[in-house]
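Below is one structure, written out as structure tokens; the observations come after it.
A, B, ... follow the sequence lines: proteins, then strands. Residue 1 opens every chain. This structure is a prediction, so every number in the text was calculated from the model and none was measured.
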Amino acid sequence: MARLTINGEVRDVDADPDTPLLWVIREQVGLTGTKFGCGIAQCGACTVHIDGVAIRSCAMPVSAVAPEQRIVTIEGLSPDGSHPLQKAWAALDVPQCGYCQTGMIMAAAGLLQTNPKPSDDDIRAEITNICRCGTYNRVRAAIKLAAKGAGATQEG
Amino acid sequence: MTQVQSVSRRGFIVGTAAAAGGLSLGFHIPLTGGALAQPVGSPAEVNAWVVIRPDETVVIRIARSEMGQGTLTGLAQLVAEELECDWSKVTTEYPTPGQNLARQRVWGSFSTGGSRGIRDSHEYVRQGGAVAREMLVAAAAARWNAPAGECRASKGVVTHTPTGRTTSYGAVAADASRMTPPKTVALKDPKDWTIAGKPLKRLDTADKLTGKQVYGVDLKLPGMLNAAVKACPHFGGRIASLDAAAVATMPGVRKVVRIDDATVAVVADTWWRAKTALDALPIVWDEGPNRAVSSASIAETLKAGLGADDAFVGTTMGDARAALARGGRTVTADYAYPYQNHATMEPMNATALYTPERCEVWVPTQNGEASLAAAAEAAGLPVDRCDIHKIHLGGGFGRRGNFQDYVRQAVAIAKDLPGTPVKLIWSREEDMLHGAYHPITQARMTGTLDVDGNLTALHMRISGQSILAAVRPEGMQGGKDPVVFQGLNAAGPEGHLGYAIKDLLIDHAMRNPPVPPGFWRGVNLNQNTIYVECFMDELAHAAGVDPLAFRRKLMANHPKHLAVLDAVAQRIGWDRPPPAGVARGLAQIMGFGSHVAAAAEVSVTDGRLKIHRIVAATDPGHMVNPAQIERQVEGSFVYGLSAALYGECTVKNGRIEQENFDSYEVMRMAEMPDVETIVMPSGGFWGGVGEPTIAVAAPAVLNAIFAATGKRIRTLPLKNHSLA
């Protein structure tokens with residue numbers, strides 16, 4: 001058993017301690033917006049926040065997360081898709097297949113926590129998630145658009 | 001006026017199972033659909049393509065699959081254009097392949113590949129919209145006892161012009177569904193389009209930003225179990241032995257299923273537990289007959305093909321062999337292109353529910369009908385007792401079309417657990433080891449220049465793998481694989497060479513190593529363009545002529561090829577020197593029915609490549625959504641440059657060596673150049689946009705690297721070369 005705080009809700013889950021946080025979130029908690037892409041923290045599709053920091057959940061055992069640590073998934077980033085990044089993504093029609101995009105948004109939200117006005121080079125250096133459809137340039141533009149607007153650094 | 005056409009042009013192929021309905025001729029509104037009485041207040045199916053709800057929502061049916069390329073939005077725009085509905089009320093749904101068969105394939109082909117989603121179906125989907133519009137207008141006219149000719153439709157409202165009376169589509173949809181569809185309809189001239197041809201936003205974005213979008217891996221069904229699978233990694237190998245008892249009592253494990261001689265799956269309550277048990281399962285592989293096959297042995301086989309006598313002739317003009325034998329100034333170079341994995345972000349998956357009476361599968365697929373055929377065969381049920389529920393794909397790129405291995409596996413597992421839905425997800429490692437790889441080829445290019453530096457003779461010998469021989473042998477022509485010659489044809493709408501060369505021979509020595517090949521976004525156009533366009537650059541250099549000027553002299557009879565090349569040259573500023581330390585390269589080709597070109601600016605500093613800027617031009621003939629074309633072109637450069645920089649699957653002991661993104665690298669944002677896209681539709685034809693520009697990415701960059709460093713890179717990927 002493990003106790004987790006996900007999107008503000010305390011959840012007790014029946015999972016073996018070495019189960020990656022990703023699979024606990026997807027299978028035990030039932031939140032499937034966080035994606036499986038590689039299982040070795042390479043692609044970033046599984047990005048969530050722990051205490052405001054973007055991490056790759058596929059390679060982190062659930063036992064490494066303390067009950068009081070705040071886990072935020074894409075479903076908890078905003079109640080209704082209104083986070084500045086989500087709005088910027090919508091404004092620029094960024095996604096193609098969309099599979100990597102929730103991880104991409106969570107990684108971007110992590111970046112804006114520490115660097116509210118990132119330069120192009122900051123974004124290039126910090127956003128290392130893989131997108132195979134090729135949305136990179138629009139992702140970069142959307143991050144900059146969100147950073148321009150107000151409220152981009154709120155909890156997420 | 002055009003005769004409303006049959007859409008069932010290609011047969012549905014289902015092994016031994018008889019296809020219910022089969023092929024039909026003539027547009028058909030089946031009795032199972034709109035002709036049935038509709039209860040008041042329910043959605044009305046006007047015809048197969050259009051359902052209208054009482055709240056005025058317009059549901060447009062889409063037969064092709066959405067995998068990121070935007071075809072869902074583009075096809076909806078085409079239907080909506082003729083339907084004259086309110087675009088803000090449009091939503092979409094997929095009919096199932098089973099419904100398609102039951103209704104005499106009223107929606108035509110479900111196959112989504114070859115950049116054909118729109119260009120192969122634009123006519124009949126527009127007719128579908130136009131027929132529905134006529135039926136809605138007729139229904140409104142009947143209500144008013146007025147001639148339909150006095151009524152017109154716009155934005156979902158029908159107006160009786162003489163009296164100004166109006167009614168809405170929602171109000172007359174049920175009546176319209178009982179109208180006799182017209183046998184002929186007039187389609188709009190594209191210059192009059194107001195919905196199609198416009199840069200509209202995608203219809204499928206919102207749920208992709210919040211995690212609500214359900215992909216195949218996200219599916220949840222009541223009582224569902226989860227499966228992980230492992231097939232013998234050695235091609236042609238099998239399971240020598242395994243010890244199922246060793247994992248039977250591991251947490252959550254329900255069953256170990258031997259799918260076939262080479263494949264085993266573990267079924268558990270969660271996927272993670274299934275995968276954990278599968279990893280712990282003791283398996284001894286019999287490496288099979290290909291254990292000695294390696295990248296080196298394959299390269300040797302292909303190299304021998306470069307000079308072999310057995311070759312299928314693809315394109316020939318004049319007598320290239322005689323011309324080359326006469327001598328003159330001859331330039332020759334050998335090129336090579338490796339195996340590559342599609343590496344869709346969403347790993348292969350399928351969810352199956354089997355009972356002795358029926359089998360249903362939920363799957364992200366590029367070809368719902370191929371999935372249905374695979375499911376029926378694996379289930380051992382007639383095809384009309386099976387169906388497929390299509391789900392948006394987390395990437396396709398050709399991997400999820402012809403190849404339905406994951407559907408067969410999911411059904412085989414579900415057959416062992418009748419009545420229980422089972423979701424099968426491949427690990428990334430399984431996906432890397434069991435791809436349908438970009439085929440491997442080499443090419444020997446030999447050209448002769450006359451005293452004025454003009455190219456007078458060219459022999460292009462391709463040696464290597466045929467996709468059709470492996471996956472669609474019925475498409476072979478007397479042993480020849482015509483797809484090998486993509487972009488190299490003498491003529492034709494799909495992709496012809498843009499150069500007039502007096503003596504020309506392009507031939508193919510087929511060499512098929514035991515690594516399964518497949519259609520990979522861009523297919524054979526990718527390496528063919530590298531071979532032709534990098535060699536053009538070599539010839540220009542040998543002739544001492546500017547690469548643009550050298551090409552232009554050969555392109556006088558190919559104005560559309562020339563137009564895109566000129567467009568990128570002009571935009572990048574070819575007539576002016578590049579910025580200090582920066583060098584430029586060019587490439588052009590025609591493929592998938594479209595003309596494309598690219599110009600690249602790169603620098604190489606201490607051996608490190610930086611791609612600064614790409615200018616890309618595309619002429620797809622007619623243009624359905626310029627905003628989505630731009631996105632496809634940009635994305636094509638990520639896919640094409642990933643392949644050029646990193647893409648390589650190597651073979652050892654008859655298996656692929658790369659198992660995940662740590663060893664199979666792909667391009668990330670840090671290396672992504674700015675891409676400027678020029679969409680220049682010249683009208684008069686329908687070309688694809690999802691694939692063709694991939695092909696010009698690598699050669700434009702490789703030619704720029706030569707301009708920067710004097711180094712010719714003739715074997716991909718670039719990561720294997722030093723630029724220092």
When the 4.5 angstrom heavy-atom criterion is applied to B:Thr210 and chain A, the contacting part is both

Most contact-rich option vs chain A, by heavy-atom pairs under 4.5 angstrom, among B:Met432, B:Met667, B:Arg273, is B:Arg273

Exercise for the section: Flag the pair A:Cys43 / B:Met345 as yes when at least one side-chain heavy-atom distance between them is below 4.5 Å, and no otherwise. Expected result: yes

Side chains of A:Lys35 and B:Tyr215 in contact at under 4.5 Å (non-hydrogen atoms): yes

message: So that I can tick it off, tell me whether B:Lys423 and A:Glu27 are bridged by a salt bridge, with the cut-off set at under 4.0 angstrom between side-chain N and carboxylate O.
response: no

Margin query: Between B:Val638 and A:Arg132, is there a side-chain heavy-atom distance shorter than 4.5 Å?
Written below: no

Could you give me the CA-CA distance, side-chain angles and deciding distance for B:Lys220 and A:Thr32, then say whether side-chain contact (heavy atoms from CB on, under 4.5 Å) is met?
-> CA-CA 10 Å; B:Lys220 293 173 204 146; A:Thr32 54; 3.8 Å; yes

**Study point:** Pairwise side-chain contact, A:Phe36 with B:Val217, heavy-atom cut-off 4.5 Å (strictly under)
**Key:** no

Per-residue tally against chain B (heavy atom, under 4.5 Å) across A:Cys131, A:Gly39, A:Gly81, A:Pro95 peaks at A:Pro95

Scored by heavy-atom pairs under 4.5 Å with chain B, the best of A:Ile74, A:Asp93, A:Asp120 is A:Asp93

| Salt-bridge criterion met for A:Arg140 and B:Asp674 (N-O under 4.0 Å) | yes

Handout entry: Side-chain donor-acceptor contact under 3.5 Å, A:Gln96 with B:Gln632
Key = yes

In this structure, CZ of A:Arg26 is separated from CH2 of B:Trp272 (nearest 0.5 Å) by 13.0 Å

If one checks every heavy atom of A:Trp89 against chain B at 4.5 Å, the contacting part turns out to be both

When the 4.5 angstrom heavy-atom criterion is applied to A:Leu22 and chain B, the contacting part is neither

To the nearest 0.5 Å, atom CZ of B:Arg631 lies from atom SG of A:Cys133 at 12.5 Å

When rounded to the nearest 0.5 Å, the distance separating CD of B:Gln213 from OH of A:Tyr99 is 12.0 Å

**Asked** So do A:Ile130 and B:Arg668 actually touch side chain to side chain, heavy atoms under 4.5 Å?
**Response** yes

One option among A:Cys97, A:Ala15, A:Gly33 has the most heavy-atom pairs under 4.5 Å with chain B, and it is A:Cys97

Bottom line for A:Ala90: the part with an atom under 4.5 Å from chain B's heavy atoms is both

To the nearest 0.5 Å, atom OG1 of B:Thr270 lies from atom CG of A:Asp14 at 9.5 Å

Per-residue tally against chain A (heavy atom, under 4.5 Å) across B:Lys275, B:Met67, B:Glu429 peaks at B:Met67

Test side-chain contact (heavy atoms from CB on, under 4.5 Å) on A:Thr128 and B:Met669 and set out the steps. CA-CA 6 Å; A:Thr128 57; B:Met669 192 185 289; over 6 Å; no

Interface check, chain B: of A:Ile127, A:Thr19, A:Ile105, most non-hydrogen pairs under 4.5 Å belong to A:Thr19

Between the CG atom in A:Asn137 and the CZ atom in B:Phe637, the distance rounded to the nearest 0.5 Å is 11.5 Å

Here the gap from B:Glu665 atom CD to A:Gln42 atom CD, rounded to the nearest 0.5 Å, amounts to 8.0 Å

Between B:Glu634 and A:Arg138, does any NZ, NE, NH1 or NH2 come within less than 4.0 Å of an OD or OE carboxylate oxygen? yes

If one checks every heavy atom of A:Gln28 against chain B at 4.5 Å, the contacting part turns out to be side chain

Among B:Arg521, B:His342, B:Lys212, B:His392, the residue with the most heavy-atom pairs under 4.5 Å to chain A is B:His342

Between A:Thr102 and B:Gly211, the two heavy atoms sitting closest are CG2-N, 3.7 Å

Whatever's closer than 4.5 Å to a heavy atom in chain A on B:Glu671 counts as neither

The interface call for B:Gln628 against chain A, heavy-atom contacts under 4.5 Å, is side chain

Bottom line for B:Val214: the part with an atom under 4.5 Å from chain A's heavy atoms is neither

